[in-house]
Amino acid sequence: MIRTLLVDGNSLLNTGFHGIKNMYHGDNHIGGLYHFLNTVRKLIDSYFITKVVVFWDGEENTKSRIELYPDYKLKRRLKLKSQDSLDSYSRQKLRTQEYLEELYVRQSTFKWCEADDCVGYYCDKSPNEEIIILTSDRDLLQLISPNVSLHIISLNKLFKFGDKVPLNGVYIPSDNIRVVKTICGDSSDNIYGIKMVGVKSLIKIKPEILEEKVTLDEVLETIKTKDKVTTKEKNIIEGVTNQEPNKKDILKTNYNIIGIGKQFLTKEAIKGIKELSVEAIDPKGRDWKNALNLMMSDGLLNILPQTNDAWVDFVRPFLRLTRIEKDFYKNKKK
């Protein structure tokens, strides 16, 4: 079976960009670039990966969700960044993409589409692949299934089907991520939760959330059948939030916004992802030696241990990936 590493590109680049601030080559920051390549090469080896696909956030990628929820990621959108920081990030992103082209890594980006939804749709359309998602976004935990696992960058941990996953200090089945965030909200994306209801409060209302799959309708039905309803439970039924009191459709809106996949993709993206999953990479113009030249130019070789074979060890996982992709191309052309 094909073992695919699906990478949330911006998430991985952000981790290195903000986490490795003091790694420079001359005047150029290279922390994001180095961390991206180093992480991917390690996981290719660790998980015996035979295909790597990177999805990047597209231009105006939050457009579809903002149309449904104007405050979506509002705090992030309003956060000011210096021009130097923006330029450095853009340079490292473009450079990373150059490396990936040479190293036979499939990658794509689509206007008006978030990488999350591209990852979700790829998983849905690739049941015959064993998929590992690489991201720091815990929303993607809802994608875990018998053939989909998820590696959280910040935890450096893999979560598989059947594992309980972390959310706000508790561990719950991955099936319940969407329902819990629908009710409790998600401050990182500026999604308003129900007033006074946190994860632990919700567990008291519906303890089954800790052990088995629970639907939103089941939570609501549990409350409606009680003889005495608490203020928190009443807030859930009436859709009361601190920011938008008594908005009765808030749960439906939250549920839609937190969902991941086809519903937020353009026709172009849907077509492109289908093609990306099965296409053979044309080897013309691609060469690992080109990547080595980039490493020399960017000063990455200076970061590696000062031994004769350090650079060989660094690129070896990509060379194995290259051989697999070249063989796939040859067989498909026959």
Side-chain angles (χ1 to χ4, degrees), residues 8-21 29 31-32 35 55-90 92-93 109-120 135-143 152-155 165-170 177-202 235-236 239-247 249-261 263-265:
D8 181 349
N10 290 80
S11 179
L12 180 55
L13 187 63
N14 285 338
T15 302
F17 183 78
H18 296 292
I20 309 178
K21 296 182 178 180
H29 179 231
H35 181 264
F55 286 111
W56 301 94
D57 287 332
E59 181 184 350
E60 298 181 61
N61 58 82
T62 57
K63 179 178 181 290
S64 297
R65 284 183 171 85
I66 289 175
E67 289 175 351
L68 292 175
Y69 203 105
D71 287 349
Y72 179 67
K73 292 188 176 179
L74 182 62
K75 293 178 182 178
R76 297 193 210 181
R77 288 186 277 134
L78 294 178
K79 189 175 181 180
L80 296 177
K81 298 179 180 179
S82 70
Q83 191 60 49
D84 285 346
S85 178
L86 292 172
D87 290 344
S88 178
Y89 185 87
S90 179
Q92 292 186 67
K93 179 180 177 180
T109 180
F110 303 99
K111 186 175 181 180
W112 301 324
C113 299
E114 293 191 60
D116 294 10
D117 298 306
C118 296
V119 168
T135 185
S136 284
D137 188 345
R138 301 191 187 188
D139 282 350
L140 292 177
L141 288 166
Q142 65 185 279
L143 297 178
I152 297 290
I153 298 169
S154 56
L155 300 177
V165 299
L167 180 66
N168 297 349
V170 299
I177 289 288
R178 189 175 180 183
V179 170
V180 173
K181 286 199 170 190
T182 292
I183 296 173
C184 301
D186 186 345
S187 59
S188 65
D189 286 343
N190 216 50
I191 296 174
Y192 307 137
I194 298 300
K195 186 176 182 179
M196 299 172 60
V197 181
V199 175
K200 293 180 180 179
S201 297
L202 182 56
N235 287 345
I236 293 174
V240 178
T241 73
N242 288 322
Q243 288 77 10
E244 300 182 54
N246 300 316
K247 185 174 180 180
D249 63 347
I250 190 66
L251 293 181
K252 179 180 179 180
T253 302
N254 282 1
Y255 192 79
N256 287 335
I257 290 293
I258 292 166
I260 293 172
Q263 65 270 30
F264 293 110
L265 295 178

Just by distance, do the side chain of [X] and the backbone of [Y] share a donor-acceptor pair under 3.5 Å?
X	Y	answer
Ser136	Ser11	no
Asn254	Leu251	no
Thr241	Lys195	no
Asn235	Ile194	no
Gln92	Gly32	yes
Asp117	Gly261	yes

I'd like to know whether Asn10 forms a side-chain hydrogen bond (donor to acceptor under 3.5 Å, both in side chains) with Tyr89, so could you lay out the CA-CA distance, the side-chain angles of the two residues, the decisive distance to 0.1 Å, and finally the verdict. CA-CA 10 Å; Asn10 290 80; Tyr89 185 87; 3.3 Å; yes

Reported [atom1]-to-[atom2] distance for the pair [X] and [Y], which is rounded to 0.5 angstrom:
X	Y	atom1	atom2	result
Ile236	Ile183	CD1	CD1	5.0 Å
Asp186	Lys73	CG	NZ	9.5 Å
Asn190	Tyr69	CG	OH	7.0 Å
Asp137	Leu12	CG	CG	13.0 Å
Thr253	Ile191	OG1	CD1	10.5 Å
Asp8	Glu114	CG	CD	9.5 Å

Taking every non-hydrogen atom, the tightest pair across [X] and [Y]:
X	Y	value
Thr109	Gly58	OG1-CA, 3.3 Å
Ile250	Tyr192	CG1-O, 4.5 Å
Phe55	Val119	CD1-CG2, 3.9 Å
Cys113	Asn61	O-CB, 3.2 Å
Asp57	Lys93	O-NZ, 3.9 Å

Indicate yes or no: at least one non-hydrogen side-chain atom of [X] is less than 4.5 angstrom from one of [Y].
X	Y	value
Arg138	Val165	no
Ile258	Gln142	yes
Trp56	Leu13	yes
Thr15	Ser154	no
Pro166	Leu155	yes

Salt bridge or not between Arg65 and Asp116? Use side-chain N to carboxylate O under 4.0 Å.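 Between Asp116 and Arg65 there is no salt bridge, as every charged N stays at least 4.0 Å from the carboxylate O atoms.
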
Is the shortest side-chain N to carboxylate O distance from Asp139 to Arg178 below 4.0 Å?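 Looking at Arg178 together with Asp139, the answer is no, because their closest N to O distance does not fall below 4.0 Å.
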
For the aromatic rings, using the six-membered ring if either is Trp, is the centroid distance between Phe17 and His29 under 6.0 Å? yes

